[in-house]
Amino acid sequence: MAEALSQSGKARLGRLFVYGCLVVVALLYLMPLWVMVVTSLKPLDEIYGGSFIGVPKVVTLDAWRAAWSEACIGTECTGLKPYFVNSLLMVIPAVALSTGIGAINGYILTKWRFPGANFVFGLLLFGCFLPYQAILIPMARTLGLLGLAGSIPGLVAVHASYGICFTTLFFRNYFVSLPDELTKAAMVDGAGFFRIFWSVILPTSIPIIVVSCIWQFTQIWNDFLFGVSFTSGSSSPITVALNNIVNVTTGRKQYNVDMAAAMIAAIPTLVVYIVAGRYFVRGLTAGAVKG
Amino acid sequence: MSASTRMSSRLAGWLPRIVVAPSLLVVIVTVYLFILWTGVISVTSSKFVPTYDFVGLEQYVRLWATPRWHTAVANLFIFSALFLALSTGLGLLMAILLDQNIRAEGALRAIYLYPMALSFIVTGTAWKWIMNPGLGVQKVVNDLGWTDFRFDWITNPDTAIYTVVVAGVWQSSGFAMAIFLAGLRGIDNSVIKAAQIEGASLPLIYRQIIIPMLRPAMLSVIVLLSYIAIKSFDLVLALTNGGPGTATELPSTFMFSATFRRNQMGVGAASAVMMLMTVAAIIVPYLYSELRSENNG
Amino acid sequence: MSTLEIDRVRKAYGHLEVLKEVSISIGTGDFLVLLGPSGCGKSTLLNMIAGLETITGGQIRIAGKTVNDLSPKDRDIAMVFQSYALYPTMTVRQNIEFGMKIRRIAQADRDRAVKTASDLLQITHLLDRKPSQLSGGQRQRVAMGRAIVREPKLFLFDEPLSNLDAKLRVDMRTEIKRLHARLGTTIVYVTHDQIEAMTLATRVAVMKDGVVQQLDEPQAVYDRPANVYVARFVGSPAMNIVPAVLGAEGATATAVIDIARRPAARIGGISLSAEALRRYAGRKVLVGIRPENFSIATASAAPALTVDFDVVEPTGPDTLAVFQLGGVEVTARLPPRQAHAGREAALAVDTSKIVLFDSETETRID
Amino acid sequence: MSTLEIDRVRKAYGHLEVLKEVSISIGTGDFLVLLGPSGCGKSTLLNMIAGLETITGGQIRIAGKTVNDLSPKDRDIAMVFQSYALYPTMTVRQNIEFGMKIRRIAQADRDRAVKTASDLLQITHLLDRKPSQLSGGQRQRVAMGRAIVREPKLFLFDEPLSNLDAKLRVDMRTEIKRLHARLGTTIVYVTHDQIEAMTLATRVAVMKDGVVQQLDEPQAVYDRPANVYVARFVGSPAMNIVPAVLGAEGATATAVIDIARRPAARIGGISLSAEALRRYAGRKVLVGIRPENFSIATASAAPALTVDFDVVEPTGPDTLAVFQLGGVEVTARLPPRQAHAGREAALAVDTSKIVLFDSETETRID
Amino acid sequence: EGQIEVLHHWVSQSEVDALNVIRKELEAKGFEWKDSAVGGMSGANAQQALRSRLTAGNPPGAMQFLGWEGVQWAEQGVVRDLNDLATAGGWREALAPQLLPFVTSGEAFIAAPINMHRQNWVWANRKLFDDAGVAVPKTWAELIETGKTLKEKGIVPVAMGDEPWQIGIIFDALLSDINGPEFYQKTAIDLDPEALGSPEMVKVFDMLREVRGLVDDNFVGRDWAVATGMVINGEAAMQFMGDWAKGEFLAKGLKPNQDFYCFATPGAVTSFQYLIDSFGMFTVSDETVQKAQVALAETIMDPKVQKGFNLIKGSIPARNDVSVDDFDDCAKLGYQERAAAIEKGSMQGAITHGFAAKPEFASVFSDVAAQFFVGKMSSEDAVKMLVSGIDNAR
Ligand SMILES: Nc1ncnc2c1ncn2[C@@H]1O[C@H](COP(=O)(O)OP(=O)(O)OP(=O)(O)O)[C@@H](O)[C@H]1O
Ligand SMILES: Nc1ncnc2c1ncn2[C@@H]1O[C@H](COP(=O)(O)OP(=O)(O)OP(=O)(O)O)[C@@H](O)[C@H]1O
Ligand SMILES: [Mg+2]
Ligand SMILES: [Mg+2]
């Protein structure tokens, strides 16, 4: 729709203004990132000497090295490396599970509606708004009963369960806009419930799969509450390790390592945003727009 | 209108329900059963660990007699209102600007979106420094010569909550922007042309025509942002840790500290129930109307 | 190829009755068109034949066998949808093959079937494209190809042409007609476009609010509509329905029609059964005259009425002239350049084509 | 109300030339239809007239005044879009009022204008509804109402009827025609539907690939198309274009056309200028015959050719018969029940309506 | 020989180095140490993790306890009784009696204390004191005066952050220093409503307000170690902080009394406000873990280990019978003052770290003190708020 608006002579000034605004906002947005980057490149003494957000006098990558492979988390001085792996082991199955289940739920709730389907959807949807602090203890008990306590599979199960609510929302709203005739055609062609889902519906849902994966990936990767509650020690996800590096009470904070660690912890999500960001907006356009 | 269909065998007809049942079961247990459990705790005298002796609404009375909880509730309203208004406004503005055929759209979009990707455990520290009058923005501006410039909200209990709003807006407005952008991309070009022919100026066109047309996008932005507002936890912990004093306490931090730091599990559960009720009061009517109108349409 | 019997079929969504005891039966090789306005239940009926909707009451028999409880894939049907419903992520070839793949037909047989169908439909060069790379007409052909390879007993079409532009619609119409002639399969075809119904069908069922108004050959529906509704729905411009008073003149009837600011027109020589003549003589009736049954009065065609033309629309081959008759607006289809807006004209009427309707029940009087 | 002159107007998007020196000029009260297939540049031209697109070259003058550099709102035009472009969040009344509000017209005047327009369009009872609560035809009326209240010098319509169903399209067409008659405003109207062009226009510009092929009165375009392209584009079913060899017989020409498995047909008595006759005698030409110019041979109309009918499509008022002639497929429009598929038939041709084209340049030979 | 998982919230460098003394000793005995650290929020995160794990039936072998935590878990019956070991090792005799409520439950010994921190220290930059010509203050009034003198010279008198626990350290000290240890006992431990609402309490808040006047405005969000850095750099003169701050000075090569002062918060009776870290063992069925638990408890109570640990940590051994000869001057001073305080009854647990009132009450103290400190509340209102808050938590 933009072309419709851009024309005429005085438009040039307007465009200058638009670019100006965008760049200023972008710079403001980048400010915390800049603080993090410069801090991570400074030696600790410089920071405690009072230089917090200025340009570093000495640039060193020690903090990054330390954060990745040397920093102590408790008495284990392994850096973030092993926890990074833990997080990957957690996030990949959890995202895959919640997205997969959400997709099939959305499929059923739109293409195989049964009496009460809307009610079921409403039940699932309300789960999106649950304050998680409220359910830690019962969840711990349940995981204990299931023998999943303190393990990555347990954490995957927790994330997947609560993720279903959001992914179902995403997929349902997307599938509502897919013509029902597609399903009917496949049925006449002789395809069954799963075959239609797998061969016809799923291949058309790439944009919303991307949206769902980005959202879930961000939420699960950055989760701390469940991580700290349901895992321990060497099976912790990266946010818990990050917390242990950062959240020092009666010790001295190593700000440079903290910042480097935070950025290392954020790399996967940043990569996901940058690589898939284009599809993100497209996917939202395609259907997730309805709340 | 849907392909709700019959199949030859009974089992096949039940297949969709059978497939959706496990998810439903999981959600019923992990959401509703757990809510119920929390509700039960809130009417017991539980302190350190759950105990199951019924004490009526005592914990609620206690909760509402706690000044800290009042602060938390008041803050939730201030924070949610400002956070929603500013994130929505800023997101909308950026989306509109980004929609003007911008050359570096991809890069700018990534910049606006990246805060969503970062964990607040550490960006909180960066913000803390930026807002600290002796280190951050105020110092930089003062050093540049404007010595009267003040940006010391974080030091004042009355204004500290606004710093949480600022950081929250920074984190979430990009997401609002993405949804609005998607909405804008879906608007019919010719509506704008029609308004142009009628002599409407660009700001007028946006104000009177395009923005009202973004209502569906607006709704989803508000739903998702409310979700973020209600769950704001890391944000407060990392930025102000509830301080100065208890000035930036929110219900979520209150709940956590009551349950895990103060041995008042009953009060924590009561506060959780209060929060859930607030959420339900807002969300349930909305869900109801959305799903109903879809049935009719 | 087979017969189709729809026997007192009903459909209700909750309290809403969408189809009310519909009975239609057609023979092998017939081309049945379900014609009716939006929302009259055409698609619902078609979906019930396909097995995509449950049947509330009555029976559907394909080739004599009741299929009420069969799933779509067991009914031996193929269906083409208004939106074509091509699988967007598959190529044309995969789209056409999909049903065969599911039925585990060997690759060689599949290739052969695809080849035959795509040659027939002239889409062989498109086989490796995705639907999004096709034009509307090409998509339509692919959808038909997908149906053809199934070699079903029954083809079902749900408004297959309504997404095409006018020009293409005419071409594809002819193509479908030709296909039917070549394959000889029984076809049920849904449309709200009466021209499609007229050109394609061997049998037309005109529907309204879930009730079949008339089931007949197309020309019969056109010439002898069962009621005013059908008369108006079939034909474009629609049949003119003019209030008149009936008079008897020997064995034929005369319709007396008011014309504003002029003496009443008397159109005589309308043939009618003796009994009807007796019953309706002197009473109000509705006179149905098709636009093409007016003509400019000449020596051989005596003038029946004199009117003032209101609007004149040349369409190329013809000119449409609009005027007032009996208090309603009436359209006549005349040869080009013979009508001029605002002018007076003397018109003749082909009385043999006139149809009369009861002014209360609006059903045809014979 | 005013004149419109389009003077060697060009439009290029980068290297892509979309309009190539288009020149059209119409007088006050004219109804100009831009007719052409999708992508030929109709909307682009209309948008340039409206001021919504920049002009690459040439001039556009409204009422004699060059408007190249005026913004849309200063051109005193109103426009109706294909998608209607109603403001979805405003009521019908607000939609109609919006432009007046912007121009700060007093409430009382606004109310009066809305009343007049809505009465004219019979949408008074809809004034408080939102566009989403209206049917397609009602939306169309609202869009027109919005245009009417502006009382512009020039109305622009961009395919305003193409989103309506067939029946409604016919009705709204008549309504627009009537509106034009009543208001007398100059109108530019874009469509790809030739029937609309024929019925509405006082002047038709047939376009192809950014070039105007013919600019004339509708019946002239129909009867004497400038080239094969126009001949085929205007009229439905399209004009039949048959290869033939021209022979001279005195002052008239005779076309000799091959017919498969039969002796060649000789259609004589085609009038042609002496010079053309000389030039084309004995050479290959293209013969254009409209479907309605065939008729079943009778005593008065001598048989010109005997053919085998291939497909026969009854449309109600007429029957379309398809057969082979000169190696191409030809359609004839005949009265109902006179044609039968697979049968032999003797046809007469109205030679006065025949048009000849050069077989190389495809332009008309006079 | 066996493996033991140890859940703790020590994540900073010096804490971890100290902990490694225990770990090495244990590993020397042939046991494997599985580390589970959960830092943050003064151990609340670790508490929460522990609670989840106990609920799930999957407790760690050992857990670091702070304040009443151990006792409360013992009351739930999930903590292992270490009485046999305690008797054999003579723990009771080696520990100050004030500690016993935190490591025993009924008859049972439920935790092995490793160290003792003193919370009510003042750390001061000697050079600034000398330049300003001021001496170590003997009373709070003197301290305030000293501060004002320094402030006039453009020095920040008191460096601190706005975290409630940093404010709490000052409040705890004032509670005892202004009105004596008995008042501290009555208010912070016995929660006597009368004492809580008394005019004496108003005086405490009045003094706290005076201290606020000595703090710069940029204290929001400041880390305690950053504040210590300010004292080291000479930007600020004093800091109220537990003895973990000492490590910062020593790490810079500064010498006690020579470059910096360490002295107790001034009071008529010098108080010793302590906090201890102890390790408790959870009841588990796995025998190898049980063996490791015994080994760990013995290691912790080993005087040699206590010495090694505390030399690094900056605190003093929990055991009274460990020689502090190798320790620095500040530690020696603390050791001496502890002995005196035990006799005078002024060795008392710190509220701020949960060694006085139970957490639900302690948090009321910290809430009120923090809100008072950062806001503009009057002392009377603060007292009222304290009384009603404690009442509400009962
Ligand atoms: N799932 C449903 N629940 C309730 N009513 C329905 C449902 N599906 C269709 N209807 C109603 O049944 C009636 C017939 O619908 P149907 O789709 O068969 O109409 P149609 O004749 O095909 O119309 P169109 O030409 O618009 O496709 C409509 O009034 C419609 O609203
Ligand atoms: N902004 C643009 N940039 C490049 N090419 C364009 C642009 N807008 C239109 N075109 C091209 O110009 C040509 C004419 O477009 P136009 O919209 O005028 O066609 P049209 O005749 O209105 O077709 P339709 O009937 O489909 O509306 C098309 O080939 C189109 O692809
Ligand atoms: Mg339908
Ligand atoms: Mg166009």
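Protein chains get the first letters and strands the later ones, always in sequence-line order, with residue 1 at the start of each.
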Under 4.5 Å heavy-atom distance to chain A, tell me which part of [X] shows up: side chain, backbone, both or neither.
| X | result |
| --- | --- |
| C:Gln94 | neither |
| C:Ala147 | neither |
| C:Leu156 | neither |

Quick one, [X] and [Y] - any side-chain contact, counting heavy atoms below 4.5 Å?
| X | Y | value |
| --- | --- | --- |
| C:Arg150 | A:Val188 | yes |
| A:Ser199 | C:Met90 | yes |
| C:Lys73 | A:Asp189 | no |
| C:Phe98 | A:Val200 | yes |

Counting distance only, does the side-chain N/O of C:Arg146 pair as donor-acceptor with the main-chain N or O of A:Ala185 below 3.5 Å?
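Absent.
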Say whether, by atom type as modelled, one donor and one acceptor occur between the side chain of C:Tyr87 and the main chain of A:Ala186 under 3.5 angstrom.
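Pair found, side chain donor or acceptor close to backbone of A:Ala186.
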How about C:Gln133: does its CD atom have over 12 heavy atoms from other parts shown lying under 6.0 Å from it?
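Atom CD in C:Gln133 is crowded, with more than 12 foreign heavy atoms closer than 6.0 Å.
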Distance from C:Glu53 atom CD to A:Lys184 atom NZ, nearest 0.5 Å?
5.5 Å
To the nearest 0.5 Å, what is the distance between CZ (A:Arg195) and CD1 (C:Ile102)?
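Separation between the atoms: 4.5 Å.
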Specify the closest pair of heavy atoms between C:Tyr84 and A:Glu181, including all atoms of both residues, with the distance to one decimal.
N-OE1, 4.4 Å
So which residue, A:Leu178, A:Ile206, A:Ile201, A:Leu182, ends up with the most heavy-atom pairs under 4.5 Å with chain C?
A:Leu182
